Amino acid sequence: MSSRTTLLRRGRVIDPRHGVDGVRDVLVRDGLVAEVSETPLNVPDAQVVDAEGRWVLPGFIDLHVHLREPGEEGKETILTGCRSAVAGGFTAVVAMPNTKPVNDSVLVTEYVKAKAREADLCRVYVAGAITKGLQGEEMAEMGALVAAGCVCITDDGRPVMNAGLMRRALQYATQFDLPVMVHEEDLTLSGKGVMHEGHTSTRLGLIGIPPSAEVAMVARDLVLLEETRGRLHVAHVSCEGSVRLLREAKRRGLRVTAEATPHHFTLEDEAVGDYDTHARMNPPLRTRRDVEAVREALADGTIDAIATDHAPHGVLEKQVEFDKAWNGVVGLETALGLTLGAVREGALGLSRAVALLTDGPARAFGLPGGHLAVGAPADITVVEPDVEWTVDATRFFSRSRNTPFHGRRLTGRVAQTWVGGRLVFENGQMKESR
Amino acid sequence: MKHLLGIEGLGRADIESLLGRAEAHLHGGPDASHLLRGKVVANLFFEDSTRTRTSFEMAAHALGAEVLNWTTAGSSVSKGETLLDTVRNIEATGPVALVIRHRSSGAPHLAARHVRCAVINAGDGTHEHPSQALLDAFTLRRRWGGLDGRTVLIIGDILHSRVARSNLHCLKALGARVVLCGPPTLLPSGLESLGAEVTWRLDDVLPQADAVMCLRVQSERQSESFFPSSREFSRLFGLNAARAERLKPGALVLHPGPMNRGVEIAPSVADGPHSVILEQVAHGVAVRRAILEEVCR
Ligand SMILES: [Zn+2]
């Protein structure tokens, strides 16, 4: 960590955890926030950054990214994934375990951590698997994974279909107070489906996935959660039915958190257009009504975090028949612009939007950061709120280009990303030298 | 029109001009054997269909074209070549049109985005089968003169039927009323917004029909639990002799083939006085000539 002292001067600081929204000076020393002051500070030895007209936000935290390493380095590596993260304003990401091999062992966890240290850009937290090999049959060594630093367990990409096993995983995790992150999909309901079941799937002759595939599993897991008193985190909530169940569960005090992705609160199933595989994801894009429900849940606290489910794929996985294409969209570099789009459309307030990128995810997994109190890590995202830009997938820092947002106009751009007091990204450029 | 990827999106005028041209071909018309002379039409059949492939082949020959027949059997696809690799390799041989039949809905759309020659959809997954719909409409139009105000009833597995989708768009565009009938498990949501009426009460709608189209029932749907048994399907949705009695006197019976005689249609009905099934087959070549002529212009 840098021992340098930096003064971010006169930016609009939005720190939802502490109810701050106003012009402040932020002093960073030894990698930590040293002072946040309404009155201008005068620190002679500090490097001064003029933040006037910009927003100074806690660094964004993404609970759900696929870095593809080990195993599919052609799609993304931990290094390129971290570049993509800091370019999108993310100072911390949680790496999903569906790598090759699967992260169901200390060895893989250590490997990911070592590669992240080498990349030395943003914080990379690691998620371990719930079951060995994501096979849904035997529990992975949860205690060992936790000891190695895993911050949650998940079979993301797949549901745990065996309810008895899921119940025991939730129970067992209570001794570590570990969130169990779930990909909610009843495979007997989703079947061979490749997009949302509705008007568009009927028109295109594609097999549909009904919302019940997700909602039924959310219902099951909330029932199991109530019995086990564990911690559940529902990944990529896509539909109204799930939102309704989550809202009620939270009202009843269950320890459940949830996330939604920018694509699910921005696009509808019609985005599939004429078989655009970039709009193929799991869960699928749903209806306007579902988009509205997810937006309401983001606004009212039913959903705790915006997570990208950053899922890089190569051309070979996407430039194929729709029913053969792989699911997923890269998300780190478009998340801020899409979130601010929802703010501009009046779906949620700015402070709430910032909370969903910072405080919400930090609390859901008990991670440091996500706020700017004195003593907090100096993970900071500086945003130019009014800059308009056009998404150009060919210029992503991610190694992959699979996005349905190529060519879309967005407002609001990341100007600087600071991790532990060190400037790692500025104006479209990586600052990789220490 | 550059490609024929589906009937959806075609206007009435487009369809009528194709049908008019087919009419000319049917009557022999002026000699058309020079129209595509020296040109190559490539048939890319990733899914077997002797009937459709042969029909396109005959149409191409009649226009003077050479036909390159390509099938997946023993091809590089089994060695992992992608659809786009195959399509680009075939395109490199210089055809004027690719006629594509594929198991995946949207496969011809993908191909059309990456080639410069014309693409004709010869049936894609459970999406569309435009040449079939055009020949069905052609058959009805020759009998009736026009489709305005006529009611066409399509019975069976609507969910998995590309014939039903293409026919729905085509018949609606020509002014017909379209009723889709089948078990609720095989009636996908959103059909109404495509302009269809939807019902599972076959006996209520049967007497209203000016034409009835029976779709082929795939026996594997039974093991997928879309319906309990072929026997029950036949009892509830089969066009049997008793039901045929209740048809309007001049009503026409169609089937895109191949038929499961005794399941969706009784043999006596398939071969009976209402049936125009053999006319459909005969009209296929004329309609496909018209399609090739149109997209290769
Ligand atoms: Zn995921």
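So you know, we letter chains A, B, ... as the sequences are listed, proteins then strands, and number each from 1. Quick caveat, the model's predicted, so the values are computed rather than measured.
Atom CG in A:L206 sits 9.0 Å away from atom OG in B:S104 (nearest 0.5 Å).
Residues of residues 275-295 of chain A lying under 4.5 angstrom from chain B, judged on non-hydrogen atoms, are A:Y275 in numerical order.
Side-chain N or O atoms of A:T202 include one that pairs as donor or acceptor with a backbone N or O of B:S189 at under 3.5 Å.
Only the side chain of B:H102 comes within contact range of chain A, judged by heavy atoms closer than 4.5 Å.
Annotation for B:K2: atom NZ counts as buried by contact number, over 12 foreign heavy atoms lying within 6.0 Å. B:R12 CZ: more than 12 foreign heavy atoms inside a 6.0 Å radius.
Counting all heavy atoms, side chain and backbone alike, B:S105 lies closest to A:G205 at OG-O, 2.6 Å. Taking each heavy atom of A:V320 and B:L110 in turn, the nearest pair found is C-CD2, 3.3 Å. Across B:G190 and A:H199, no two heavy atoms sit closer than the pair O-ND1, 3.7 Å. Scanning both residues, B:H127 and A:R203, for their nearest heavy atoms gives CD2-O, 3.3 Å.
Contact tally against chain A (heavy-atom pairs below 4.5 Å) for B:H160, B:E128, B:E8: the top residue is B:E8.
Listed by first and then second residue, the side-chain hydrogen bond (donor to acceptor under 3.5 Å, both in side chains) pairs that reach into residues 110-121 of chain B are B:N121-B:D124, sequence neighbours excluded.
Here the rule is side chain to side chain contact (heavy atoms under 4.5 Å, CB included) with A:E321, and of B:L84, B:L83, B:T82 only B:L83 fits it.
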